[in-house]
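Computed over heavy atoms, backbone and side chain alike; hydrogens, waters and symmetry mates excluded. Every chain is numbered from 1 and lettered A, B, ... according to where its sequence line falls, protein lines coming before strand lines.
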Number of protein chains: 2
Amino acid sequence: MPQPETNASAGEAAVSPWDGAADRIRAGGLRWTPQRRTLVEVLREREGHVTATELIARCRERDQTTTPSTVYRTLDLLEDLGLVKHGHGHDGREEYHILPQQVHGHLYCVGCGMTWEIRPETAAVIVDALASQLGFDVDLSHVTISGRCAGCHG
Amino acid sequence: MPQPETNASAGEAAVSPWDGAADRIRAGGLRWTPQRRTLVEVLREREGHVTATELIARCRERDQTTTPSTVYRTLDLLEDLGLVKHGHGHDGREEYHILPQQVHGHLYCVGCGMTWEIRPETAAVIVDALASQLGFDVDLSHVTISGRCAGCHG
DNA sequence: GTGTCAGCCGCAACTCGTTGCAATAGCAAA
DNA sequence: TTTGCTATTGCAACGAGTTGCGGCTGACAC
Ligand SMILES: [Mn+2]
Ligand SMILES: [Mn+2]
Ligand SMILES: [Zn+2]
Ligand SMILES: [Zn+2]
């Protein structure tokens, strides 16, 4: 007897947020399609950050017929569900945070080209400053701050 | 007797940094072309921010034959001279700061779509935090920070 | 004024993303 | 299982930006 693939509560270990994706999509009157399944399969084997371009390539490995517009539209949908969250690299290109539990911003060094995550303590200073001075509620995760790292200026 | 158009020191009031552009370009072994002249004319009648797209449109008003790639390449050149400085809007698109004397970053509200400049006091907090905690020398002007303004969250 | 030559221009092709549209196909109800 | 509604797909076209290349032209030397 085959397991209903959309339901993760069949045993004891329903761990991944991806397990609920199909049901959550259908619950909204939306459809669980092969294209969406493919993207979710790709996403669940990665963590951290990915560019949309890389996701498209990985989907195409599994399904040659993958189309960019469909991937972008599905990413929008998954972002509405909170399963991914996009930001922009230093050059404005999209990057996706997968399962953004600990949301964070990025730092980019124009000298050496490296990127770092902004640590929570540092983020807090920025967020607090904008909140207290302007009442502005920052979404740092959407942003990459450019500059020069300690090793690259002097 | 015609005034040498490239020199602004003929009388007393040599005010605009644009006046020196032609000479500075030629001094580097580069060329002062009609296309570059057109863009500089467009830039000198604007201040604050502009998108590259708008600059292309304004150039085309003066010269129908204006080509995007030439404008982008000239903007790169002017950026090397410090006459403009590009940043990225909330969606990653390019924006140019004209004559960036008081460099500043931007704040974008995803609720109402408004954009504000980050005031120097606020910028200082951000810059200082990254400098003291990480030795990172921030270029805030390249960045638009997203979030929700005081009027849009609650 | 003429010649030289490196810098620049315009073009075409490409990347990343978005959007309108007609055809397809989930999915739920019968 | 079949029907029917509508969400979704793939396509094609577009907008923003970048890049390689052959031909043109500024700037300068004579
Ligand atoms: Mn940039
Ligand atoms: Mn964005
Ligand atoms: Zn560095
Ligand atoms: Zn707002």
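The pair B:R58-B:E45 does not count as a salt bridge, with every side-chain nitrogen at least 4.0 angstrom from each carboxylate oxygen. For B:E94 and B:K85, the salt-bridge test fails: no basic side-chain N is under 4.0 Å from an acidic carboxylate O.
Counting to the nearest Å, the C1' atom of C:dT18 and the CD1 atom of A:I56 are 12 Å from each other. Nucleotide C:dC9 holds its P atom 10 Å from the CG atom of B:L39, rounded to whole Å. A straight line from CD1 of A:I25 to P of D:dT6 spans 20 Å, rounded to a whole angstrom. Straight-line distance from the CD atom of B:E94 to the P atom of C:dG17: 14 Å, rounded to whole Å. The interatomic distance linking A:D91 (CG) with C:dT15 (P) rounds to 16 Å, in whole Å. Between B:W32 atom CH2 and D:dC24 atom P there is a gap of 24 Å when expressed in whole angstrom units. Rounded to whole angstrom, the span from the CG atom of A:D23 across to the C1' atom of C:dC27 amounts to 13 Å. Distance A:L77 CG to D:dA7 P: 13 Å, rounded to the nearest Å.
Both B:P34 and B:Y96 sit near DNA chain D, but only B:Y96 has its closest nucleotide nearer the 5' end. Comparing B:R93 and A:T74 along DNA chain D, the residue whose closest nucleotide (by nearest heavy atom) sits nearer the 5' end is A:T74.
Not one side-chain nitrogen or oxygen of A:S69 sits closer than 4.0 Å to the OP1 or OP2 atom of D:dG10. Within the 4.0 Å cut-off from OP1 or OP2 of C:dT18, not a single side-chain nitrogen or oxygen of A:Y72 is found. Distances shorter than 4.0 Å separate some side-chain N or O of A:Q35 from OP1 or OP2 on D:dG10. A:T67 has no side-chain polar atom (N or O) that falls below the 4.0 Å cut-off from OP1 or OP2 of D:dT9. A close approach under 4.0 Å does occur between a side-chain nitrogen or oxygen of A:R26 and OP1 or OP2 of C:dC27. Taking side-chain N and O atoms only, B:T33 has no distance below 4.0 Å to OP1 or OP2 of C:dC8.
Residues A:M114 and A:C149 form no side-chain contact, since every pair of their non-hydrogen atoms from C-beta on lies 4.5 Å or further apart. The shortest side-chain heavy-atom distance between B:L55 and B:V42 falls under the 4.5 Å cut-off.
Residue contacts shown for B:R31 include a base, since a base heavy atom lies under 4.0 Å away. Residue B:R36 is classed as a sugar-phosphate contact, given heavy-atom separations below 4.0 Å to backbone atoms only. As judged by a 4.0 angstrom heavy-atom cut-off over every strand, B:G92 is placed among residues making no nucleic acid contact.
Here D:dT8 is the nucleotide among D:dG10, D:dA27, D:dT8 with the atom lying nearest to any side-chain atom of A:L30. Checked against C:dG10, D:dA16, D:dG10, the side chain of B:R73 finds its nearest nucleotide in C:dG10.
A:E79 and A:H86 form a side-chain donor-acceptor contact under 3.5 Å, judged by distance and modelled atom types alone.
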Salt bridge (charged side-chain N to carboxylate O under 4.0 Å, His left out) between B:R148 and A:D139, worked out: CA-CA 8 Å; B:R148 296 190 158 265; A:D139 170 19; over 6 Å; no
